Amino acid sequence: MATRRLGVGETLGALNAALGPGSPVWIKETRTRHLRSRDFLAPHRALQARFDDGQVPEHLLHALACLQGPGVAPVLRCAPTPAGLSLQLQRPAVFERVLSAVAAYATPALPVLPGQRVLLHCPALRSSPCALRLSQLRTVLVADHLARALRAHGVCVRLVPAVQDPHMLTFLQQLRVDWPAASERASSHTLRIHALEEVTSAHDGRTLSPGILGRLCLKELVEEQGRTAGYDSNLDNCLVTEDLLSVLAELQEALWHWPEDSHTGLAGSPDTGTDSCLVVHVVSCEEKFQQQKLDLLWRKLVDKAPLRQKHLICGPVKVAGAPGPLMTAPEYYKFRHAQVCKASALKHGGDLAHDPAWTEIFGVLSVATIKFEMLSTAPQSQLFLALADKNISTKGTKSGTFVMYNCARLATLFESYKCSMEQGLYPTFPPVSSLDFSLLHDEGEWLLLFNNILPFPDLLSQTAMLDCTAPGLHITARTEMMCKFLVQLSMDFSSYYNRVHILGEPRPHRFGQMFVRLQLLRAVREVLHTGLAMLGLPPLSHI
């Protein structure tokens with residue numbers, strides 16, 4: 001049996017190639033009603049653009065029915081229908097290939113660019129937590145998630161600034177954000193000398209205030225970068241301060257001195273040249289003007305400043321139902337934590353907030369709620385937060401609490417099987433190679449595999465994708481994809497679990513189907529745990 005991981009991308013690529021040169025026409029089906037009869041479709045209108053009257057030649061139909069190749073899923077049938085050309089896979093064979101190699105589908109693909117380096121800069125972390133706005137909190141969570149996704153693909157990531165405020169470090173730990181700490185600031189002595197050579201010391205004929213070195217004209221540099229670069233047209237000059245130089249000194253230090261234990265992907269150390277490093281400034285829309293100044297100041301004062309600086313601008317955060325006019329990030333956390341405790345008390349009875357056994361669970365649920373709220377919307381878009389209690393209910397299908405609830409349901413299922421096995425009610429789990437995957441014929445089972453497990457490696461790759469070759473100042477990221485995926489996976493699992501009884505009566509003739517279903521849900525569990533790890537969330541065993 002072939003061992004290479006099956007892939008949706010590989011299958012679509014082979015299907016399109018089989019029809020000859022031209023634009024892609026095949027699509028993967030995702031809706032339950034379509035998956036009852038087909039897995040891929042070449043729509044009739046797309047076929048009309050490729051063939052006379054939309055009729056696919058017989059030899060091409062035969063080639064599609066016999067399609068093979070690395071990573072290509074085995075085909076059962078391919079036939080014309082009113083909707084277009086419909087193709088269905090050999091589902092038992094696909095189940096077997098995927099569920100016999102679960103770990104391969106719960107991990108990212110090998111890094112495409114081993115040794116690639118990315119410096120992620122999040123200016124919001126230079127403030128104290130009590131001054132951290134929700135729009136700034138959003139940038140922190142986006143940067144943290146992006147760092148995890150990049151590192152999972154072997155990219156060497158450096159996070160700046162290293163946090164000095166102990167209160168900020170405590171808050172980040174509360175949020176399960178993995179960020180470095182620092183005990184002292186980088187020296188800005190050399191940059192200060194360069195700055196004094198460049199700036200004008202007069203300020204409207206008056207003496208400058210302490211900490212201000214003078215003004216530096218940026219107009220020429222903006223024009224040199226070109227209008228298409230995306231710099232604000234109002235960027236004319238910059239007031240150079242000691243604080244700005246301190247920020248630049250830390251960025252320059254991070255760029256030139258990567259820690260020995262940093263993630264380096266495959267074998268070898270990354271190139272130490274600045275040209276090989278991508279700098280991404282993750283900032284809120286309120287901070288983008290100031291960040292552009294810093295970007296240009298770096299280019300102006302440092303001969304070997306990084307050529308590739310990109311700005312990931314996060315949209316504004318609008319809040320409905322806030323208890324006050326302006327809610328800070330710590331207040332937001334406390335508000336959500338109180339709601340989680342209240343909801344759990346209503347569900348389980350009694351005051352569990354002070355129960356040590358529940359303390360960590362409430363912390364994880366609060367952070368899950370916040371991260372799914374903050375990250376489920378594309379970072380470039382405006383985010384609306386509704387602070388109503390319903391957003392933290394386990395019954396609501398769009399929340400982080402719902403995802404964690406289903407994570408706990410999976411844990412309970414496997415713990416129940418383990419206990420029953422130890423009592424002698426069920427036999428030990430047989431070798432996967434002995435399982436009969438033709439017993440998986442429920443539509444919910446195919447939905448879990450085809451829409452969730454099979455495409456997961458491709459999704460992981462997309463979350464780590466940064467288009468650093470595109471012209472201009474700005475860059476986009478797909479940090480919303482993981483949260484949306486985990487919510488949909490949880491919905492599909494919940495629907496299946498509520499309808500199908502996995503651990504049936506301990507009768508030998510039912511064990512075969514029970515074991516293949518458990519193997520399917522093992523894969524669901526592994527994918528779910530990997531996705532949660534990308535968000536810095538641990539799996540829960542109970543809620």
Side-chain angles (χ1 to χ4, degrees), residues 2 4-20 22-50 54 56 60-61 63-99 101 104-106 108-109 440-463 465 478 480-482 484-493 495-496 520 523-524 527 531:
R4 176 165 174 174
R5 179 167 65 185
L6 297 180
V8 173
E10 289 88 339
T11 304
L12 283 170
L15 288 173
N16 284 308
L19 291 179
S23 302
V25 297
W26 287 94
I27 59 172
K28 174 188 175 294
E29 294 290 11
T30 57
R31 295 185 179 182
T32 304
R33 63 188 179 92
H34 293 153
L35 289 172
R36 289 176 185 142
S37 60
R38 63 181 183 248
D39 299 313
F40 294 95
L41 175 72
H44 186 64
R45 181 173 294 181
L47 292 175
Q48 285 180 317
R50 294 281 293 273
V56 180
L60 291 183
L61 290 176
L64 288 166
C66 302
L67 196 66
Q68 291 182 339
V72 177
V75 176
L76 175 63
R77 67 173 67 91
C78 180
T81 67
L85 202 55
S86 294
L87 183 140
Q88 190 172 54
L89 301 178
Q90 297 177 29
R91 294 184 177 183
V94 175
F95 272 121
E96 183 176 3
R97 285 279 298 275
V98 174
L99 299 183
Y105 293 88
L440 292 173
H441 44 68
D442 185 275
E443 64 181 25
E445 292 158 354
W446 183 245
L447 201 67
L448 284 169
L449 185 119
F450 192 61
N451 278 356
N452 297 284
I453 302 167
L454 186 61
F456 185 62
D458 290 338
L459 176 110
L460 283 173
S461 297
Q462 292 175 54
T463 60
M465 196 175 294
R478 301 298 306 275
E480 79 282 2
M481 294 184 71
M482 185 58 69
K484 289 183 175 180
F485 171 83
L486 292 176
V487 166
Q488 187 59 55
L489 171 61
S490 299
M491 291 172 64
D492 291 342
F493 164 70
S495 174
Y496 174 68
L520 171 65
V524 170
V527 165

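Atom set for the values below is all heavy atoms of this structure, side chains included, hydrogens, waters and symmetry mates excluded. Note that the structure is predicted; figures quoted are calculated from it, not measured.
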Exercise. Leu41 and His34: side-chain contact (heavy atoms from CB on, under 4.5 Å), yes or no, with the steps?
Worked result: CA-CA 10 Å; Leu41 175 72; His34 293 153; over 6 Å; no

Just wondering, do [Y] and [X] contact through their side chains at under 4.5 Å, heavy atoms?
{"X": "Leu449", "Y": "Val524", "value": "no"}
{"X": "Asn452", "Y": "Phe493", "value": "no"}
{"X": "Thr11", "Y": "Leu6", "value": "no"}
{"X": "Leu64", "Y": "Trp26", "value": "yes"}
{"X": "Leu87", "Y": "Leu67", "value": "no"}
{"X": "Thr32", "Y": "Glu443", "value": "yes"}
{"X": "Gln488", "Y": "Asn451", "value": "no"}

With a 3.5 Å distance limit and no angle check, can you tell me whether [X] reaches the backbone of [Y] through a side-chain donor-acceptor pair?
{"X": "Ser495", "Y": "Met491", "answer": "no"}
{"X": "Gln90", "Y": "Val75", "answer": "yes"}
{"X": "Asn16", "Y": "Val25", "answer": "yes"}
{"X": "Glu445", "Y": "His441", "answer": "yes"}

How close do [X] and [Y] get, counting heavy atoms only, and between which atoms?
{"X": "Gly20", "Y": "Arg50", "value": "O-NH2, 2.8 Å"}
{"X": "Arg36", "Y": "Gln88", "value": "O-NE2, 4.3 Å"}
{"X": "Gly71", "Y": "Glu10", "value": "O-CB, 3.6 Å"}
{"X": "Leu60", "Y": "Ala18", "value": "CD2-O, 3.2 Å"}
{"X": "Leu47", "Y": "Ala42", "value": "CD1-O, 3.5 Å"}
{"X": "His44", "Y": "Pro82", "value": "CB-O, 4.2 Å"}

If you measure from [atom1] on [X] to [atom2] on [Y], what distance do you get to the nearest 0.5 Å?
{"X": "Ser461", "Y": "Arg478", "atom1": "OG", "atom2": "CZ", "answer": "13.0 Å"}
{"X": "Asp442", "Y": "Tyr496", "atom1": "CG", "atom2": "OH", "answer": "6.0 Å"}
{"X": "Leu15", "Y": "Cys78", "atom1": "CG", "atom2": "SG", "answer": "8.0 Å"}
{"X": "Thr30", "Y": "Asp492", "atom1": "OG1", "atom2": "CG", "answer": "10.0 Å"}
{"X": "Met482", "Y": "Leu459", "atom1": "CE", "atom2": "CG", "answer": "5.0 Å"}
{"X": "Arg97", "Y": "Leu454", "atom1": "CZ", "atom2": "CG", "answer": "10.0 Å"}

For this session: Evaluate side-chain contact (heavy atoms from CB on, under 4.5 Å) for Lys28 paired with Phe450, printing each intermediate quantity in order.
Result: CA-CA 10 Å; Lys28 174 188 175 294; Phe450 192 61; 3.6 Å; yes

For this session: Before giving the answer on side-chain contact (heavy atoms from CB on, under 4.5 Å), spell out for Asp39 and Trp446 the whole-Å C-alpha distance, their side-chain angles and the decisive distance to 0.1 Å.
Result: CA-CA 10 Å; Asp39 299 313; Trp446 183 245; 2.9 Å; yes

